[in-house]
Amino acid sequence: MKDFLSNVWVKRAVSVFNIAYFAVVFLITYATFLYDLEFAEGKENSFFTVYVVASVVFLGLMLFTRNELPTRILSVLMLPVVFLMILFNMYDWILIIPPFAVAVVMFFAAGTHETLKVIMGTIYLLMYVLGLVAYFVLNMLFGGTSTETVLNADLDRNSDVFKTYKSEYTKICDVTDETNTISPDGRYQIILYDVQNNSQGAVKICVVPYGEDIELKFFTLKQKGIEKTISNKGTRGIVPDVGWTQLEDGTLAVQYRLSPEDDLKQTSVRVMPDKQYLEFLGIN
């Protein structure tokens, strides 16, 4: 067994196999740049267990092959990829901590030339420090102080938002039911948001793409960055009447009444805004 493990071709094969872990981390990073990752109900702990075990196993394999060229290359590439993962999933520690730990350990443990480690280590340190500072600054400048909560039947009953709409909860369930919010052609969906800010707050009506989410075993990748605001003038605590209609030329439109006393209004949905790729910076 010792001779088998010390065989250079075994180590090279294992080193190439380690690329699978890097590929998974890269794909998760790329996916969370384009989508919001939402864990399936009851699957978060299962995912975390599998994720940590896989990270520990691959860390062991990388340490075993730390002097092989593929592993040495991975040890240099992983830290910038994990940096992007941190930016796209800030505070989602379940995703961040395992690959970050693997990346840091392998950067120092791999048999990479010491000069390269010093140079790249300095660059990565500056990238993490300056990058995270820039991230927080941009979020403060563009993110604002508003907090948006989706109004639907899944509203957390222990939240302050639920208390605000407690008397309107039945109406929330009716208005936000998929049979009412999904457009006749199945391409769009109406979303209601409770907006909390420094003033009186508001209720916002938006239209987002429908049917573009990707459902996987442990989580769903939900489309993000594409949203058309129909109205942001609703009063907090009052659930507007909303629904779909079709204009004479066949164009879909959202009909809405912000309060029982208001007139019925409508806004056509001809073109959706372009996808906002910098949403993770708070730029809408």
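Since the model is a prediction, treat every value here as computed from it, not as a measurement. We use all heavy atoms of the structure for the numbers below, so side chains are in, but hydrogens, waters and symmetry mates are not.
- Side-chain N or O atoms of Asp177 include none that pairs as donor or acceptor with a backbone N or O of Cys173 at under 3.5 Å.
- Under the 4.5 Å side-chain heavy-atom criterion for Ile, Leu, Val, Met, Phe, Trp and Tyr, Trp244 and Ile182 are members of distinct hydrophobic clusters.
- Nearest heavy-atom pair, Asp194 versus Arg236, reported as atom, atom and distance to 0.1 Å: OD1-NE, 2.7 Å.
- Across all their heavy atoms, Thr181 and Val175 have their closest contact at CG2-O, 3.3 Å.
- Considering Leu155, Val150, Leu192 as possible partners of Thr176, the one that fulfils the side-chain contact (heavy atoms from CB on, under 4.5 Å) test is Leu192.
- We find that Arg270 and Asp249 are joined by a salt bridge, their nearest charged nitrogen and carboxylate oxygen being less than 4.0 Å apart.
- Within a 6.0 Å radius of CG in Asp274, other residues, nucleotides and ligands contribute 12 heavy atoms or fewer.
- In this structure, Leu252 and Pro184 approach most closely via the heavy-atom pair CD2-CD, 3.6 Å.
- A salt bridge links Glu227 and Lys204; the closest N-O separation between the charged side-chain nitrogens and carboxylate oxygens is under 4.0 Å.
- The cationic group of Lys117 does not satisfy the cation-pi geometry with Phe108, failing either the under 6.0 Å distance to the six-membered ring centre or the 45° limit from the ring axis.
- The aromatic rings of Phe47 and Phe39 are tilted relative to each other, their planes meeting at an angle between 30° and 60°.
- Note on ring orientation: taking the six-membered ring where Trp is involved, the planes of Phe136 and Tyr91 are tilted (angle from 30° to 60°).
- In the hydrophobic clustering of this structure, Leu77 groups with Leu61; members are Ile, Leu, Val, Met, Phe, Trp, Tyr whose side-chain heavy atoms approach within less than 4.5 Å, directly or through other members.
- Around the CG atom of Asp156, the shell of radius 6.0 Å holds more than 12 heavy atoms that belong to other residues, nucleotides or ligands.
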